[in-house]
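Convention: sequence-line order gives letters A, B, ...; per-chain numbering from 1. Remember, it's a predicted structure, so these values are computed and weren't measured experimentally. No hydrogens, no waters, no symmetry mates; every other heavy atom, side chains included, goes into these values.
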2 protein chains.
Amino acid sequence: MLQNPNPAPAYYQQAETLLVAVDCIIFGFDGEKLKLLVFKRKLNPFAGAYSLIGSFVHPSESTTDAARRVLFDFTGLQDIFLEELHVYSEVDRDPGARCISIAKYALIRVTDYHKALSDHYDTEWVALDSLPELVLDHNRMVADALQRLKQKAQFYPIGFELLPKKFTIPMLQRLYEEIFERSFDARNFRKKLLSLTLVKPLPEKDRTTSKKGSFLYRFDYKKYERLSKKGFQFSLFKI
Amino acid sequence: MLQNPNPAPAYYQQAETLLVAVDCIIFGFDGEKLKLLVFKRKLNPFAGAYSLIGSFVHPSESTTDAARRVLFDFTGLQDIFLEELHVYSEVDRDPGARCISIAKYALIRVTDYHKALSDHYDTEWVALDSLPELVLDHNRMVADALQRLKQKAQFYPIGFELLPKKFTIPMLQRLYEEIFERSFDARNFRKKLLSLTLVKPLPEKDRTTSKKGSFLYRFDYKKYERLSKKGFQFSLFKI
DNA sequence: GCAAAAGTGTTACGCTTACACCCATGG
DNA sequence: CCATGGGTGTAAGCGTAACACTTTTGC
């Protein structure tokens, strides 16, 4: 990288600065429905209203740092899937101040979720098909995130981020059916998944959803990374 | 949208604001090679160095407004393809100031490009395979934009944004070969393209690249929009 | 023993790919 | 007349999609 050969001129200082926030669209899957984590604001403005989880970005941190900070504060989770969605910067988007928001979406394993924090922050899981009204442009952010999730899940194995690390094939299928709002043939789904050889069978069964029980699998991230670098494109069904 | 029921508290004012910039990764195609539009800075810091085209975001405009403003200033073009790439916000990314940059990539028709402005701003088209060193993290931005262009062009007809509105099939094929760094079989490429019925044949030929001449086509944006809404997925070749 | 979910193979079709020659024209 | 790029069809193989019955076990 080129090093700055001269000091920054007045130009830099004169330019107008802005408030910068991050807002997190946090998805979860309870085995049945796709859910969103929201919280009820305690402070004004909008006290009592539902909102995405967010924070202003401090000068001493990157936007990713800020997002990870609030995610940890509200869920107790670290090392979770987090990706930038979009910058929302309409001049009048926040009546309280000129503030741009960098929206990021996160995928979390509901099973790992730290429930103790839930009460403290008044967070709630809400089903995506019955969202409450959220503050500002947050409903728009959720709609955009959902569209992105659909796109991304077609060609990247991000669905596995929403399941427990050990999961069954029917569980995965239900998740995919939830994300894509369509059904899949169980035989073809299983066949295609196993043909990718990216899930490793475990000698254990999950018996919570049936008497017979269903074998557990684990996603092989290392193998996926390896194949990915060689040009392999993940996909579970034809578009 | 919920209206603010109460005035914003001191919290809003206390939060620290940041400099926010937009930087544009501007791609063009001259019929032969994929090019990037850069300019040689006249002012410090980094006077004389190559840089992406950008600006600080004013409080009175959205980031899209800001990007369109600089694109118009530097190229004389309006209504061009512009999409957000990523927010670059590492704390030490700009030694001159704490500044985050929202990178956007643009696709322009080199034929429409307003050359008169080129001299005024010292802009230059450079081939993507022989980029100069750019200021700050701009080389990283370009690499990321190129990757995004590849991804996006697989499933969205954005290649047409880089060609004149009337184009020939061999021209389009050369562009795709440039983007995807691979070759395509001319018969299969043409067959697949025409089978989508998204390009309308014109009764004119382009004779600049061969004696025989090659028929011109026009992309049918309206038809694409219509099909798109019904769930049609654009793709010119299997991944 | 029965209800409820898990697990298993085969076939038809469509899409993708590979491949070689004639056409039109300007010089 | 020849060099150059434009334009055309067919066949093989692969992946996708459709489809019905058996297995296991808790109650």
One pair to check against side-chain contact (heavy atoms from CB on, under 4.5 Å): A:Y113 and A:T123. What are the steps and the verdict?
CA-CA 12 Å; A:Y113 173 61; A:T123 56; 3.0 Å; yes
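A salt bridge is absent between B:D112 and B:K165; no separation between the charged side-chain nitrogens and carboxylate oxygens falls under 4.0 Å. Between A:E161 and A:R109 a salt bridge is recorded (basic side-chain N to carboxylate O distance below 4.0 Å). Between A:E177 and A:R182, none of the side-chain N atoms (NZ, or NE/NH1/NH2) sits under 4.0 Å from a carboxylate O, so this pair counts as no salt bridge.
The aromatic rings of A:F160 and A:F219 sit parallel, their planes meeting at an angle under 30°, below the 60° perpendicular limit.
Computed from coordinates, the B:D206 CG to C:dA24 C1' distance equals 15 Å when rounded to whole Å. In this structure, A:D185 atom CG and C:dG7 atom P are separated by 15 Å, rounded to whole Å. Put simply, CZ on B:R207 is 13 Å from C1' on C:dC23, counting in whole angstrom units. To the nearest angstrom, P of C:dA18 lies 12 Å from CZ of B:F184.
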Under-3.5 Å N/O pairs linking protein and nucleotides 5-8 of chain D:
residue: D:dG6; atom: O3'; partner: B:G213; partner atom: O; Å: 3.4
residue: D:dG6; atom: N3; partner: B:K212; partner atom: NZ; Å: 3.1
residue: D:dG7; atom: OP1; partner: B:F215; partner atom: N; Å: 3.1
residue: D:dG7; atom: OP2; partner: B:R190; partner atom: NH2; Å: 2.7
residue: D:dG7; atom: OP2; partner: B:S214; partner atom: OG; Å: 3.0

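Going from atom CG of B:L134 over to atom CZ of B:R41 covers 11.5 Å, rounded to the nearest 0.5 Å. We find the CZ-CD1 distance between B:F81 and B:I108 to be 13.0 Å, quoted to the nearest 0.5 Å.
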Annotated protein contacts, base or backbone, on nucleotides 12-17 of chain D with a non-hydrogen cut-off under 4.0 Å, one of B, S, - each
----SB
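Cation-pi geometry between A:K230 and A:F232 is not met at under 6.0 angstrom from the ring centre and within 45 degrees of the axis.
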